[in-house]
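Owing to the predicted nature of the structure, the values given are computational and were not obtained by experimental measurement. Letters A, B, ... mirror the listed sequences (proteins, then strands); counts begin at 1.
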Amino acid sequence: MAKEKKANQICNKFGASMEKIVSLAKRRGFVYPSSEIYGGLSATWDYGPLGVELKKNIQEIWWKEMTRLQDNIVGLDAAIMMHPRTWEASGHVENFSDPLVDCKQCKTRFREDKLPQENIDNKQCPECGGELTEPRQFNLMFTTHLGPVQDSGSVVYLRPETAQGIFVNFKNVVDTSRVQIPFGIAQVGKAFRNEITTKNFIFRTCEFEQMEMQFFVKPGTDDEWFEYWKEQRMKYYVEQLGILPENLHFHQHGEGELAHYAKDAYDVEYQYPFGWEEQEGIHNRTDFDLGRHSEYCGKEINYLDPQTNERYIPYVIETSAGLTRSVLVCLMDAYHEETIGEDKNGKPDVRTVLHLHPNVAPIKVAVLPLVKKDGLAELAKDIQKELSEDFATFYDQSGAIGRRYRRQDEIGTPFCVTVDYDSKDNNDVTVRFRDSMEQIRVPRAELAARLRQEIKNYKRA
RNA sequence: GCGAAAGUAGCUCAGUGGUAGAGCUCCACCUUGCCAAGGUGGAUGUCGCGGGUUCAAGUCCCGUCUUUCGCUCCA
């Protein structure tokens, strides 16, 4: 069986498979199964020392790109628990609750509301004609109780998406931050969905993190803005996260696929070993959300154009990216097994390397003394201390130098700084590049500036 | 939730009723003057968890939890 499993392992062309990523993630401290000492908890994962750096880096890049570099997008951090009426207005109470039936014979599962009426009436499976079970209500929203009394009046939901926190604060932001349409509100945070099944490591989990930006525009200009953000978001993956363009494409939602709020929707999809899957959604949510909240809270939610004195409910272009899912994409896309010649026994020498964009790499610079005697270790530690002001660094003196390079390759460290005997005399160091394995000599005084420049100009080969 | 398979060291796995194993990893020292796997020594496990059968269970039986693959869907 074990051998069968190996044969069935799906790899991309660089040798990355889900199993190898999971194994590397655990082994090197990116992602651990949650509550592992108790046997693990279904579909929950913890981020280890390297994983948390990677995740934070992605989040910071997104935040910078979506707020600080934009003059008309502001940030927000809304609570995970929101007034229950929020989810009635949003349509989640209605639409996130699926009646499920199973066929007792062929074990296929259906959403009862999507079956032909005659099959519903006589409880017959459309596939095999077998008998269907009674429908069971399955709501994708987690519930809990707010306050000490656990009655039906105290029920609150854990938010299934962060977007509603933005919509309910639309008026607050307009009234207090002098934004004018077109403008956006960005938010990063956790969301929770009680998925029927989770799968593929951190790809689909019940607790996940979203990076969402809702862009408010004048009705009629929404199609233009939709196109604009579509383009921007695709560029982000290639230029900011360093994802290979051939592993990305758009998927447009067809009629039946569109969510209850959407007029048009494109997904940025990534080519995983298990197929093309969504990474980010760019949706035209129209005035659905603000309109519904207006209706449900009984207050006018609209926008008064200060120039024309026109009053309207803005349309919303949403970009909704998965942060935890981005961690997986970065790892998956960066993972390469490269054969670089032969070893001493004539066998192919394979190095495992993560070609992470330096922006996202958990460690930017490893500082390594060529040998640990003759004062080189002390000098290297000095240099590491100096660099750690500006970069995430790592010091390693154990084992042969080539071995230490390989260790850094495996966790995606883009630069190794090696301190040798000449460093003592000339006050310079070797910088070794992860991708090309080339080396250059850099004066110690220029080191930080040079590394900063290399990160800025980085282009994935 | 239903069906199928699996769970033994940090990782990959061997171990079919009789003292818990291997390779890699990890730690210390030596070696190493720029691309891993050289030397010496060392650490690591309630064999997922609970119960049962047996003189004896990692191994057989029952339960349970978790993971993987399908059904489902979507950030």
ask   = To the nearest Å, how far apart are Tyr272(A) OH and A75(B) P?
value = 13 Å

inquiry  = Counting the atoms with a prime plus P, OP1 and OP2 as sugar-phosphate, which does Gln210(A) contact under 4.0 Å by heavy atoms, base, sugar-phosphate, or nothing?
reply    = sugar-phosphate

Who pairs with A14(B) - Watson-Crick or G-U, where each distance is under 3.5 Å = none

message = Taking atom types as they are modelled, would you say the side chain of Arg204(A) forms a donor-acceptor pair with the base of C73(B) within the 3.5 Å cutoff?
response = yes

query = Can the positive tip of Arg432(A) be found less than 6.0 Å from the middle of the six-membered ring of Phe415(A), inside 45° of the ring normal?
reply = no

ask   = Should the ring pair Tyr266(A) and Phe226(A) be called parallel, tilted or perpendicular, given that the plane angle runs from 0 to 90° and is split at 30 and 60?
value = tilted

Any strand: nucleotide that pairs with A6(B) via Watson-Crick or wobble, under 3.5 Å = U66(B)

query = So which nucleotide from C74(B), U68(B), G10(B) ends up closest to the side chain of Asp267(A)?
reply = C74(B)

key: Proximal nucleotide (of C74(B), C35(B), C34(B)) relative to the Arg406(A) side chain   = C35(B)

task = Quickly work out the Ile340(A) CD1 to C34(B) C1' distance and round it to whole Å.
result = 13 Å

task = Remember a base hit wins even if backbone is also touched, and classify Glu280(A) as base, sugar-phosphate or nothing at under 4.0 Å, heavy atoms.
result = sugar-phosphate

task = Select base, sugar-phosphate, or nothing to describe what Arg351(A) touches, counting heavy atoms under 4.0 Å on all strands.
result = nothing

Candidates C34(B), U32(B), A36(B) - which lies nearest the side chain of Arg403(A) = A36(B)

key: Distance in angstrom units between Lys26(A) NZ and U67(B) C1', rounded   = 12 Å

ask   = How close or far is atom P of C69(B) from atom CZ of Phe201(A), stated in whole angstroms?
value = 12 Å

key: Length of the line joining Ile21(A):CD1 and U67(B):P, which is rounded to integer Å   = 19 Å

key: The single option from Phe30(A), Tyr32(A), Phe201(A) passing ring-ring contact (aromatic ring centres under 6.0 Å, His included) against Trp45(A)   = Phe201(A)

remark   = With the side chain defined as heavy atoms from C-beta on, Leu370(A) is closest, among G33(B), C35(B), A75(B), to G33(B)

key: Sugar-phosphate, base or nothing in reach of Gln279(A), heavy atoms under 4.0 Å   = sugar-phosphate

ask   = Whole Å only: how far is the CE atom of Met211(A) from the P atom of A75(B)?
value = 14 Å

key: Assigned partner base of A57(B), Watson-Crick or wobble definition, under 3.5 Å   = none

key: Parallel, tilted or perpendicular: ring planes of His92(A) versus Trp87(A), cut at 30 and 60 degrees   = perpendicular

inquiry  = Just to be sure I understand the rule, does Ser23(A) reach a base, reach only the sugar-phosphate, or reach nothing, if contact means heavy atoms closer than 4.0 Å?
reply    = sugar-phosphate

message = Against the six-membered ring of Tyr335(A), is Lys20(A) placed for a cation-pi contact (under 6.0 Å from the centre, within 45° of the normal)?
response = no

remark   = Per atom distances to the Lys372(A) side chain, the nearest of A36(B), C29(B), C35(B) is C29(B)

query = Closest to the Arg193(A) side chain: A75(B), C27(B), C34(B)?
reply = A75(B)

inquiry  = When both hydrogen-bonding distances must be under 3.5 Å and the geometry is Watson-Crick or G-U wobble, what is C73(B) paired with, if anything?
reply    = none

key: Rounded distance in Å - CZ (Phe203(A)) to P (C74(B))   = 12 Å

ask   = How is Arg325(A) classified with respect to the nucleic acid when contacts are heavy atoms under 4.0 Å: base, sugar-phosphate, or nothing?
value = base

ring centroid sep under 5.5 Å plus plane angle under 30, Tyr405(A) with A36(B) = no

message = Heavy atoms from C-beta onward define the side chain here; which of C11(B), C35(B), C74(B) lies closest to that of Glu277(A)?
response = C74(B)

query = Between C34(B), U32(B), A36(B), which one does the side chain of Asp349(A) approach most closely?
reply = A36(B)

query = So, is Arg407(A) close to the C26(B) phosphate, meaning a side-chain N or O under 4.0 Å from OP1 or OP2?
reply = yes

note = The residue, Thr324(A) or Arg27(A), whose nearest nucleotide of RNA chain B is more 5′ is Arg27(A)

query = Who is the Watson-Crick or G-U wobble partner of C29(B), with both distances under 3.5 Å?
reply = G39(B)

inquiry  = If we check salt bridge (charged side-chain N to carboxylate O under 4.0 Å, His left out) with Arg351(A), which of these qualifies: Glu337(A), Glu410(A), Glu338(A)?
reply    = Glu338(A)

request  = Quick one: closest heavy-atom pair of Glu88(A) and Arg292(A), and the distance?
outcome  = O-NH2, 3.2 Å

message = Taking any heavy-atom pair under 4.0 Å as a contact, classify Val431(A): base, sugar-phosphate, or nothing.
response = nothing

inquiry  = Categorize Thr430(A) for me: base, sugar-phosphate, or nothing, with a 4.0 angstrom heavy-atom threshold over every strand shown.
reply    = base

message = Return whichever of Glu278(A) or Arg441(A) has its heavy-atom-nearest nucleotide of RNA chain B closer to the 5' end.
response = Arg441(A)

query = Separation of Tyr421(A) atom OH from C34(B) atom P, in whole Å?
reply = 11 Å

